[in-house]
Engineer: 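Structure below; questions to follow.
The chains referred to below are lettered A, B, ... by the order of the sequence lines, with proteins before strands, and numbering in each begins at 1. What you see below is based on every heavy atom in this structure, not just the backbone, and it leaves out hydrogens, waters and symmetry mates.
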Amino acid sequence: MRLSRFFLPILRETPKEAEIVSHRLMLRAGMMRQEAAGIYAFLPLGLQVLKKIEQIVREEQNRAGAIELLMPTIQSADLWRESERYDDYGKEMLRIEDRHEREMLYGPTNEEMITDIFRSYVRSYKDLPLNLYHIQWKFRDEVRPRFGLMRGREFLMKDAYSFDIDQPGARHSYNKMFVAYLRTFARLGLRSIPMRAESGPIGGDMSHEFIILASTGESEVFCHRDYLDFPVPDASVDFDNVAELQSAVDKWTSLYAATSEKHDAAGFEAIPADKRVSARGIEVGHIFYFGTKYSEPMKAVVSGPDGVERPVHMGSYGIGPSRLVAAIIEACHDDAGIKWPEAVAPFRAAILNLKQGDSGTDAACEHLYRDLIAKGIEVLYHDLDERPGSKFATADLIGVPYQVVIGPKGLASGMFEIKRRADGSRENLSPAATIDLLSR
RNA sequence: CGGAGCGUAGCGCAGCCCGGUUAGCGCACCAGUCUGGGGGACUGGGGGUCGGGAGUUCAAAUCUCCCCGCUCCGACCA
């Protein structure tokens with residue numbers, strides 16, 4: 001992409017409504033724009049990141065055996081009356097009426113709808129286990145939206161719902177998602193730590209929040225330092241191997257880890273002092289088992305091997321891709337701007353032509369640009385007639401992992417200067433070596 | 001929902017208390033010249049329902065009332 005033909009409305013100054021760093025940087029980098037309190041338009045740069053996150057989430061859900069579908073944003077109030085949540089949900093739910101005065105709502109979550117879909121078709125334990133998910137916009141009318149995308153009213157969410165014949169089956173389904181989440185966040189360039197969470201009406205140990213550490217995080221968290229180095233299950237995990245998954249989950253839940261709500265000072269003190277981590281964190285995922293909470297009132301039952309019908313055991317598993325865009329920035333930035341992990345970067349590289357209009361640099365940039373495009377590498381060519389300093393600042397701000405700096409000086413020796421945004425390191429490479437590096 | 005603020009050009013702000021030329025500054029934008037390795041300089045331009053409405057007054061960005069929007073703290077939450 002040539003910057004001269006892209007739509008990238010960079011802001012030099014920070015709009016005053018933006019308080020936290022991800023919000024500030026997203027506005028400044030031209031990634032998004034606020035349309036109303038807690039409601040945002042994604043501009044091209046922001047959308048590219050969102051799509052990458054979404055795709056990684058999707059791939060890991062699929063790998064774990066979940067099956068994608070897509071439910072609507074608008075739901076009928078009747079469904080929610082069946083589960084008796086229509087009145088419970090309160091003002092957080094955006095209620096609307098259609099032209100026939102039917103009561104509708106903009107979905108804040110989809111337990112009811114997925115249960116309705118399930119019960120319409122599934123009759124036998126032979127069709128289980130089943131895990132259905134979708135990635136769809138949700139709306140929760142927060143009393144006080146804030147922190148930009150971190151706490152918006154409209155947000156993109158991946159929500160998966162598992163169905164099993166019994167509790168042991170549900171545990172395995174839960175473990176699949178648990179491992180899928182560890183892998184998902186690792187692929188996004190984040191270190192996530194599962195922390196015991198409020199387990200709702202069922203109780204038990206099957207509810208975890210996945211937290212990433214960021215100094216600007218919203219809540220205080222406590223954990224054992226070893227979690228920072230635990231290996232994340234690799235792509236070869238067998239999601240059908242009950243024992244293997246259970247042991248992975250056991251390992252990842254063996255040490256102390258809690259958010260401030262669940263914090264137990266005594267438990268934390270039991271950790272050796274040098275292993276205690278007290279930091280700030282951001283919740284990026286939440287999984288839980290809720291048994292027959294919806295299947296019972298909504299009569300989602302299947303026949304077991306014994307011919308007896310029983311309500312299915314369910315769990316639900318959420319990840320907010322739109323929130324993750326902000327969360328990743330909170331975890332990956334410096335004073336100059338964003339530092340995208342490579343997996344989610346909107347572009348892999350930026351070409352900075354330090355002297356636009358100079359025949360030498362123009363030609364070198366054009367050449368490299370075409371070669372990279374031909375190799376399928378996502379590259380942003382900064383071809384505007386701006387001063388070098390301004391181009392550096394823009395590239396740093398939008399956080400592209402590799403900057404290829406091409407100016408008259410370096411060109412004299414036939415070299416490009418490559419700067420890695422992550423650590424600021426620089427090296428001089430020949431054009432061929434540059435392409436080679438960026439192709440990896 | 002309690003508390004506190006803010007709304008003046010695309011962005012950041014001054015002006016408001018104490019009413020009075022043509023509403024100003026920086027950045028951004030447009031034209032041109034010189035420049036060219038960390039947000040350049042100069043010259044010349046364009047851009048405003050002062051959030052909206054009502055009122056007070058000879059006169060309102062400025063005073064009064066009502067409404068709308070947004071932000072922050074708290075309670076709440078993926």
Side-chain angles (χ1 to χ4, degrees), chain A residues 9-20 23-24 27-28 30 33-40 57 89-93 107-111 135-160 181 197-198 207-212 218-219 259 261 281-288 316-327 335-337 352-358 360-362 382 384-397 403-412 415-417 419 424 426 428:
Chain A
I10 298 271
L11 265 36
R12 192 159 166 175
E13 283 168 281
T14 305
K16 66 176 173 186
E17 75 261 20
E19 198 67 22
I20 64 164
H23 193 192
R24 287 203 306 263
L27 291 172
R28 286 200 51 215
R33 175 187 151 77
Q34 179 163 325
E35 295 298 339
I39 300 178
Y40 298 87
V57 168
Y89 221 91
K91 290 191 167 175
E92 292 237 312
M93 182 186 277
T109 178
N110 287 67
E111 277 85 5
I135 301 175
Q136 178 63 290
W137 292 91
K138 305 279 191 293
F139 194 94
R140 291 185 192 168
D141 200 358
E142 297 279 348
V143 213
R144 190 185 156 208
R146 61 180 124 176
F147 305 147
L149 282 186
M150 292 284 282
R151 185 80 181 281
R153 291 194 291 173
E154 190 180 48
F155 55 97
L156 189 62
M157 184 166 166
K158 184 286 301 180
D159 40 329
Y181 275 36
E198 214 53 65
S207 176
H208 288 89
E209 290 181 3
F210 284 73
I211 304 281
I212 61 168
E218 57 196 343
S219 54
T259 58
E261 298 88 57
I282 300 170
E283 180 185 348
V284 289
H286 195 169
I287 62 178
F288 55 98
S316 78
Y317 315 91
I319 291 182
S322 56
R323 160 177 259 217
L324 268 167
V325 177
D335 289 346
L352 307 186
N353 185 346
L354 293 197
K355 193 170 180 183
Q356 205 72 41
D358 176 276
T361 60
D362 283 3
H382 194 143
L384 300 179
D385 186 16
E386 287 179 14
R387 311 270 305 185
S390 150
K391 294 195 177 188
F392 292 133
T394 297
D396 285 348
L397 175 63
Q403 297 173 14
V404 183
V405 180
I406 300 181
K409 287 182 191 169
L411 222 46
M415 303 293 264
F416 297 159
E417 180 183 301
K419 173 182 164 184
R426 299 157 192 270
N428 292 312

Engineer: Considering Watson-Crick and G-U wobble pairs with both distances under 3.5 Å, what does B:C11 pair with?
Structural biologist: B:G26

Engineer: Checking base pairs now: Watson-Crick or wobble, both atom distances under 3.5 Å. What partners B:C76?
Structural biologist: none

Engineer: Considering only side-chain heavy atoms of A:Asp385, which listed nucleotide, B:G36, B:G38, B:C11, is closest?
Structural biologist: B:G36

Engineer: With rounding to the closest Å, how many angstrom separate the P atoms on B:A54 and B:C16?
Structural biologist: 26 Å

Engineer: Is it the case that the side chains of A:Gln136 and A:Asp159 hold a donor-acceptor pair, with the cut-off being a distance below 3.5 Å and no angle test?
Structural biologist: no

Engineer: Under the side chain to side chain contact (heavy atoms under 4.5 Å, CB included) test, which residues partner A:Ala160, sequence neighbours left out?
Structural biologist: A:Gln61, A:Asn131, A:Tyr133, A:Lys158, A:Met177, A:Tyr317

Engineer: Please give the distance between the P atoms of B:C67 and B:A31 as a whole number of Å.
Structural biologist: 47 Å

Engineer: Enumerate the residue pairs fulfilling salt bridge (Lys or Arg N to Asp or Glu O under 4.0 Å) with a member in residues 141-151 of chain A, sequence neighbours excluded, ordered by first and then second residue.
Structural biologist: A:Asp141-A:Arg153, A:Glu142-A:Arg151

Engineer: What is the distance, to the nearest angstrom, from the CD atom on A:Glu13 to the P atom on B:C11?
Structural biologist: 11 Å

Engineer: Remember a base hit wins even if backbone is also touched, and classify A:Arg33 as base, sugar-phosphate or nothing at under 4.0 Å, heavy atoms.
Structural biologist: nothing

Engineer: Go ahead and name the base partner of B:C18; Watson-Crick or wobble counts if both distances stay under 3.5 Å, otherwise write none.
Structural biologist: none

Engineer: Just to be sure I understand the rule, does A:Thr14 reach a base, reach only the sugar-phosphate, or reach nothing, if contact means heavy atoms closer than 4.0 Å?
Structural biologist: sugar-phosphate

Engineer: For A:Asp358 and B:U35, what is the distance between atoms CG and P respectively, to the nearest whole Å?
Structural biologist: 14 Å

Engineer: In Watson-Crick or G-U wobble terms, both distances under 3.5 Å, what is the partner of B:U57?
Structural biologist: none

Engineer: May I ask which nucleotide in the shown strands pairs with B:U43, Watson-Crick or G-U wobble, both distances under 3.5 Å?
Structural biologist: B:A31

Engineer: For A:Lys355, what residues pass the side chain to side chain contact (heavy atoms under 4.5 Å, CB included) criterion, not counting sequence neighbours?
Structural biologist: A:Asp358, A:Thr361, A:Pro408

Engineer: Considering non-hydrogen atoms only, spot the tightest contact between A:Glu283 and A:Ile211 and give its length.
Structural biologist: CA-CD1, 3.9 Å

Engineer: What's the gap between B:C50 and B:G7 when it is taken at their C1' atoms, as a whole Å value?
Structural biologist: 10 Å

Engineer: Return a single string for nucleotides 69-78 of chain B, one symbol per nucleotide in 5' to 3' order, where B is base contact, S is sugar-phosphate-only contact and - is none, cutoff 4.0 angstrom on heavy atoms.
Structural biologist: -SSBBBBBBB

Engineer: Can you check nucleotides 28-31 of chain B for protein contacts, nitrogen or oxygen pairs under 3.5 Å, and list what you find?
Structural biologist:
from, atom 1, to, atom 2, distance (Å)
B:A28, OP1, A:Arg12, NH1, 3.3

Engineer: When the C1' atoms of B:U8 and B:A61 are considered, how many whole Å apart are they?
Structural biologist: 7 Å

Engineer: With heavy atoms under 4.0 Å as the rule, sort A:Leu11 into base, sugar-phosphate or nothing.
Structural biologist: nothing

Engineer: Between A:Pro15 and A:Pro408, which has a closest nucleotide on RNA chain B that is more 5'?
Structural biologist: A:Pro15

Engineer: Please classify the nucleic acid contact of A:Lys138 as base, sugar-phosphate, or nothing, using heavy-atom distances under 4.0 Å.
Structural biologist: nothing

Engineer: For A:Tyr181, give me all partners under ring pair (Phe, Tyr, Trp, His ring centres under 6.0 Å), at least two apart in sequence or on another chain.
Structural biologist: A:Phe185, A:Phe210

Engineer: Using purine N1 to pyrimidine N3 plus N6-O4 or O6-N4 for Watson-Crick, or N1-O2 and O6-N3 for G-U wobble, both under 3.5 Å, which nucleotide pairs with B:C70?
Structural biologist: B:G5

Engineer: Considering only the P atoms, how many Å lie between B:A9 and B:G48, rounded to the nearest integer?
Structural biologist: 11 Å

Engineer: Let me know the distance between NZ of A:Lys355 and P of B:U35, rounded to the nearest Å.
Structural biologist: 9 Å

Engineer: Where is the tightest heavy-atom contact between A:Gly407 and A:Leu354, given as atom of each residue plus distance?
Structural biologist: CA-CB, 3.9 Å

Engineer: Between atom CZ in A:Arg387 and atom P in B:C34, what is the gap in whole Å?
Structural biologist: 14 Å

Engineer: If we take the P atom in both B:G26 and B:C42, what is their distance in whole Å?
Structural biologist: 11 Å

Engineer: In whole Å, measure the gap between the C1' atoms of B:C13 and B:G74 for me.
Structural biologist: 29 Å

Engineer: Mind checking the CE-NE2 spacing from A:Met157 to A:His286? Nearest 0.5 Å is all I need.
Structural biologist: 9.5 Å

Engineer: Check ring pair (Phe, Tyr, Trp, His ring centres under 6.0 Å) between A:Phe392 and all other residues, then give those that pass, not counting sequence neighbours.
Structural biologist: none

Engineer: Sort out the partner of B:U62 for me: Watson-Crick or G-U wobble, both distances under 3.5 Å, none otherwise.
Structural biologist: none

Engineer: Look at the side chain of A:Lys419 against the base of B:G37 and say whether a donor-acceptor pair falls under 3.5 Å; ignore hydrogens and angles.
Structural biologist: no

Engineer: For B:A78 and B:C6, measure between their P atoms and round to the nearest Å.
Structural biologist: 33 Å

Engineer: Taking the side chain of A:Glu417 as heavy atoms from C-beta outward, which of B:C11, B:G36, B:G37 is closest to it?
Structural biologist: B:G37

Engineer: With A:Pro108, which residues qualify under side chain to side chain contact (heavy atoms under 4.5 Å, CB included), at least two apart?
Structural biologist: A:Trp80, A:Tyr89, A:Met93, A:Leu105, A:Arg140

Engineer: Under 4.0 Å between any heavy atoms, over every strand shown, what does A:Gly410 touch: base, sugar-phosphate, or nothing? Just pick one.
Structural biologist: base

Engineer: List in chain and number order the residues that pass side chain to side chain contact (heavy atoms under 4.5 Å, CB included) with A:Glu111, two or more places apart in sequence or in another chain; answer none if no residue qualifies.
Structural biologist: A:Arg85, A:Thr109, A:Tyr161, A:Phe290, A:Tyr294, A:Ser316

Engineer: Output the distance between atom CD (A:Glu35) and atom OH (A:Tyr40), rounded to the nearest 0.5 Å.
Structural biologist: 10.5 Å

Engineer: Just how far, in rounded Å, is C1' of B:G10 from CG of A:Leu27?
Structural biologist: 13 Å

